[in-house]
Peer 1: 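Sending over a structure as structure tokens; questions will come in a sec.
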Amino acid sequence: PLRINDSVELQIGSSADLKIYHNGTNSVIDNNTNNLLIQTASQTIISSDATNNQLTLGHSSGNWFAKATNSNTLIIGSESNGTNNITLDTTNSATFSGIVDITNGVLDMGQNRIDGSSDNLKISADNSSVSGSSTIEFLVDGSEKIRINNSGNVGIGTTAPSEKLQVNGNIRVAGVGNAIGFDTTG
């Protein structure tokens, strides 16, 4: 067997641009040409691009299935089909394109939950009642349109509903009779 002691480099290339060594703690492959590839005869399995600061994992068709980029982003998907990717961005958010399959019909997001595991759809804010003042808000074009507060009050056109149904704006009733009934007995 070939043995190279700690802190001794195996240098490859006419300019010694590839170095392999162990520094006593870490095993290092140091490539000064900016790109490092791990390949089989027909495909690249792992590629590192120092110029663009990205790491790419490939698969049998030659397209990548995971890519970490210099913008704090991890993309899981397919280079040939950019519409079915999952993008995780550590500075902003996660975005999903294509179909998202939630196991057993439940999507948990901390204290919030969307549960479609039965014949009903349940949307929960603060599922464990940690804050006690949670709301469910429906936004359209970045603007809140409907709010349900922790008292069960529903507001349309208001962010602070004080009644079971509070509407700020006009209400239109159409249909046979156009009537609204009121029960004054309580």
Side-chain angles (χ1 to χ4, degrees), residues 46-49 51-186:
I46 300 173
S47 69
S48 171
D49 180 347
T51 304
N52 296 312
N53 252 353
Q54 65 186 24
L55 175 67
T56 304
L57 304 178
H59 57 74
S60 60
S61 68
N63 294 325
W64 58 267
F65 70 87
K67 182 182 284 190
T69 69
N70 62 349
S71 59
N72 298 319
T73 302
L74 173 63
I75 303 169
I76 302 170
S78 170
E79 184 174 34
S80 61
N81 183 0
T83 60
N84 293 320
N85 294 334
I86 299 172
T87 303
L88 305 174
D89 182 342
T90 60
T91 58
N92 295 310
S93 62
T95 59
F96 300 88
S97 60
I99 297 171
V100 178
D101 183 14
I102 308 300
T103 304
N104 298 321
V106 178
L107 173 61
D108 277 314
M109 301 161 286
Q111 293 298 323
N112 302 315
R113 169 181 272 206
I114 298 174
D115 183 344
S117 61
S118 65
D119 292 337
N120 304 309
L121 176 64
K122 300 174 186 175
I123 301 173
S124 312
D126 193 11
N127 198 40
S128 301
S129 192
V130 173
S131 79
S133 61
S134 300
T135 62
I136 296 177
E137 302 161 11
F138 296 88
L139 284 74
V140 176
D141 293 333
S143 174
E144 184 177 323
K145 304 300 181 189
I146 300 173
R147 176 180 291 217
I148 304 171
N149 68 18
N150 66 328
S151 297
N153 297 338
V154 177
I156 301 175
T158 178
T159 59
S162 57
E163 302 294 332
K164 288 299 174 192
L165 177 61
Q166 180 176 339
V167 179
N168 286 356
N170 297 329
I171 299 175
R172 180 177 181 174
V173 178
V176 178
N178 294 331
I180 299 177
F182 296 93
D183 181 356
T184 58
T185 61

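Remember, it's a predicted structure, so these values are computed and weren't measured experimentally.
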Peer 1: To the nearest 0.5 Å, tell me how far Thr158 OG1 sits from Ile146 CD1.
Peer 2: 12.5 Å
Peer 1: Do the side chain of Asn149 and the main chain of Pro161 share a donor and acceptor less than 3.5 angstrom apart?
Peer 2: yes
Peer 1: Kindly compute the distance separating CG (Asp126) from CD1 (Ile136), expressed to the nearest 0.5 Å.
Peer 2: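 The distance works out to 10.5 Å.
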Peer 1: Are there over 12 heavy-atom neighbours, none belonging to Glu163, within less than 6.0 Å of that residue's CD?
Peer 2: no
Peer 1: Between Arg147 and Gly155 (side chain of the first, backbone of the second, donor and acceptor by atom type, cut-off under 3.5 Å), is there such a pair?
Peer 2: no
Peer 1: Using 0.5 Å steps for rounding, measure from the NZ atom of Lys164 to the CG atom of Asn153.
Peer 2: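 So the gap between those two atoms works out to 5.0 Å.
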